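In what follows, a single structure is set out as structure tokens and then discussed.
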Amino acid sequence: DVQLQASGGGLVQAGGSLRLSCAVSGFTFNEYVIGWFRQAPGKEREGVSYINMQTGSTVYAASVEGRFTISSDNAKNTVYLQMDSLKPEDTALYYCAADPLGTIIPAVAFLSSYYDYWGQGTQVTVSS
């Protein structure tokens, strides 16, 4: 079974940092792409960042570019989302998602319908 386990959310003041983790199992790590998405109350789910586990290429949404960093630890089968300079508008439920290589290219990296596998969300709350 493909499983993704997101963790690391919490409450932080504006300007602070958090690191989210997405532990994956049930598939060959470097044959997938991993995306981070978020959904705030009353809003649609939006893509935040994406990493191609084979090439290491990454993509960021304009709203988080320069503040968030996606990375991976292949030995631990874990993808991280380092979030710095957090803003109240970053408050949301954050999800990680995965899909096999070949179906997702950067142009569609932030379309949630392309991802077959999802973890449960982890809540990030940024206070002003």
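This structure is a prediction, so every number in the text was calculated from the model and none was measured.
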Next on the checklist: Keeping Thr91 on the side-chain end and Val126 on the backbone end, is there a donor-acceptor pair under 3.5 Å?
Outcome noted: yes

Next on the checklist: Working to the nearest 0.5 angstrom, can you tell me the gap between Ser17 OG and Arg67 CZ?
Outcome noted: 10.0 Å

Next on the checklist: Apply side chain to side chain contact (heavy atoms under 4.5 Å, CB included) to residues Ser49 and Ile51 and explain how you reach the verdict.
Outcome noted: CA-CA 7 Å; Ser49 186; Ile51 183 168; over 6 Å; no

Checklist outcome for this item: What one should report as the nearest heavy-atom pair of Val12 and Gly16 is CG2-CA, 3.8 Å

Checklist outcome for this item: Heavy atoms of Ala14 and Ser128 approach each other most closely as CB-CA, 4.4 Å

Checklist entry - Is Tyr80 reachable from Phe68 through a run of I, L, V, M, F, W or Y residues, each pair having side-chain heavy atoms under 4.5 Å apart? => result no

Next on the checklist: Please find the pair of heavy atoms, one from Asp116 and one from Asp99, that lie closest to each other, and give the distance.
Outcome noted: N-OD1, 2.8 Å

Checklist entry - Yes or no on side chain to side chain contact (heavy atoms under 4.5 Å, CB included) for Val79 and Met53, after CA distance, side-chain angles and deciding distance? => result CA-CA 9 Å; Val79 171; Met53 296 308 303; 4.0 Å; yes

Checklist entry - What heavy-atom pair brings Pro100 and Thr103 nearest, and what distance separates the two atoms? => result O-OG1, 3.0 Å

Next on the checklist: Going by the rule side chain to side chain donor-acceptor pair (under 3.5 Å), which residues pair with Glu46 if we only count those two or more places apart in sequence or in a different chain?
Outcome noted: Arg38

Item to check | Point-to-point distance, once rounded to the nearest 0.5 Å, from OG of Ser72 to CG of Asn30 | outcome: 9.5 Å

Checklist outcome for this item: Excluding Tyr50, membership of its hydrophobic cluster (Ile, Leu, Val, Met, Phe, Trp, Tyr; side-chain heavy atoms within less than 4.5 Å) reads Val33, Phe37, Val59, Leu93, Tyr95, Leu101, Ile104, Ile105, Val108, Phe110, Leu111, Tyr114, Tyr115, Trp118

Checklist entry - So, Gln5 side chain and Gly119 main chain: donor-acceptor pair closer than 3.5 Å or not? => result no

Checklist entry - Any idea which heavy atoms bring Ile70 and Ile34 closest together, and the distance? => result CD1-O, 4.2 Å

Item to check | Rounded distance [0.5 Å steps], OH in Tyr94 versus CG in Leu81 | outcome: 7.5 Å

Item to check | Path from Tyr32 to Leu4 over hydrophobic side-chain contacts below 4.5 Å | outcome: yes

Checklist entry - Closest approach of Ser21 and Thr78, non-hydrogen atoms and distance? => result CB-CG2, 4.1 Å

Checklist entry - Apart from Leu11 itself, which Ile, Leu, Val, Met, Phe, Trp or Tyr residues share its cluster (side-chain heavy atoms under 4.5 Å, direct or through members)? => result none

Checklist entry - Could you walk me through whether Asp90 and Met83 pass the side chain to side chain contact (heavy atoms under 4.5 Å, CB included) check? => result CA-CA 9 Å; Asp90 294 318; Met83 306 186 297; over 6 Å; no

